[in-house]
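Worksheet for the structure shown next.
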Amino acid sequence: MAGSIDRVTRAAADAGLDIEIRRMGASTRTAEEAAAQCGCTVAQIVKSLVFEGETSGKLFLFLVSGSNQLDLAKAAALAGELLKRADPRQIRDETGFAIGGVAPIGHLIAIPAFADETLLGFDRVWAAAGAHDAVFAAEPQAMIRAAQAVVAKLAV
Ligand code: 5CA
């Protein structure tokens with residue numbers, strides 16, 4: 001998915017976010033795998049979770065720490081509608097990313113995004129960069145700004 005990685009590179013540049021995308025040569029599909037590859041804690045991995053609005057069918061992006069679970073009730077309150085886990089194919093078609101490589105930036109569509117406040121407690125976080133072995137590191141505030149995400153309390 002070279003095109004997906006290119007989109008992340010471009011989105012970062014457009015947002016003034018200075019990143020270096022690293023291909024790890026091993027799976028970073030899950031937060032645990034990504035942490036092992038990056039040499040960071042699971043908590044410093046940003047999960048980019050895509051949910052679908054039950055009423056609108058629209059996708060929403062929630063950025064949470066790898067050590068936290070998304071609180072669906074809080075997420076739904078922010079989205080303004082009930083949410084369900086999005087279908088992997090819809091995620092791929094609309095964001096341009098396959099599950100395990102969904103990045104916080106560079107989606108094909110403009111996607112309403114929310115970020116959990118606990119991410120701001122780290123000096124550096126790592127996020128997926130468009131493929132299942134690609135990651136980038138960033139200062140959380142800068143990454144959240146680039147994703148145009150609203151900071152909120154999202155974790156259980
Ligand atoms: N590359 C890693 C670390 S950055 C990563 O993408 N992690 S993740 O957590 O953001 O992406 C995996 C997430 O995809 C899982 O936590 C899970 O919430 C979601 N997921 C896994 N399988 C499915 C599925 N079949 N349908 C919808 N979402 C899924």
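When reading the values below, keep in mind they use all heavy atoms of this one structure, side chains included, and skip hydrogens, waters and symmetry mates. One-based numbering, in listed order, for ligands and for the atoms of each.
Taking only nitrogen or oxygen atoms, main chain and side chain alike, Ala34 does not reach within less than 3.5 Å of ligand 1. Among the atoms of Thr28, some N or O lies under 3.5 angstrom from an N or O of ligand 1. Note: no N/O pair closer than 3.5 Å links Thr30 and ligand 1 by distance alone.
Between the side chain of Asp116 and the backbone N or O of Leu119, no donor-acceptor pair lies under 3.5 Å. Put simply, the side chain of His107 gets close to the backbone of Ala103: a donor and an acceptor are under 3.5 Å apart. Checking side-chain atoms of Thr28 against main-chain N and O of Met24 turns up no donor-acceptor pair under 3.5 Å.
Side-chain contact check for Asn68 and Thr118: at least one donor-acceptor pair (N or O, by modelled atom type) lies under 3.5 Å.
Ranking protein heavy atoms by distance to atom 14 (O) of ligand 1, first place goes to Ile99 CG2, 3.5 Å. Summary of contacts: the protein heavy atom closest to atom 5 (C) of ligand 1 is Arg29 O, 3.1 Å.
With a 4.0 Å cut-off on non-hydrogen atoms, Ile45 touches ligand 1 through its side chain and not its backbone. Within the 4.0 Å heavy-atom criterion, the part of Arg85 lying near ligand 1 is the side chain and not the backbone.
Within the listing of ligand 1, atoms 4 (S) sit less than 4.0 angstrom from a heavy atom of Val46. Atoms of ligand 1 lying under 4.0 Å from any heavy atom of Ala86, numbered from 1 in the order shown and given with element: 26 (N), 27 (C).
Separation of atoms CZ (Arg22) and CZ (Phe136) is listed at 13.5 Å; rounding is to 0.5 Å.
Paired with Glu52 under the rule side-chain contact (heavy atoms from CB on, under 4.5 Å), one option of Lys58, Arg85, Lys84 passes, and it is Lys84.
Between Gly106 and Arg7, the closest heavy-atom pair is O-NE, 2.7 Å.
Atom 25 (N) of ligand 1 has its nearest heavy-atom neighbour, among Cys38, Ala31, Pro88, in Pro88.
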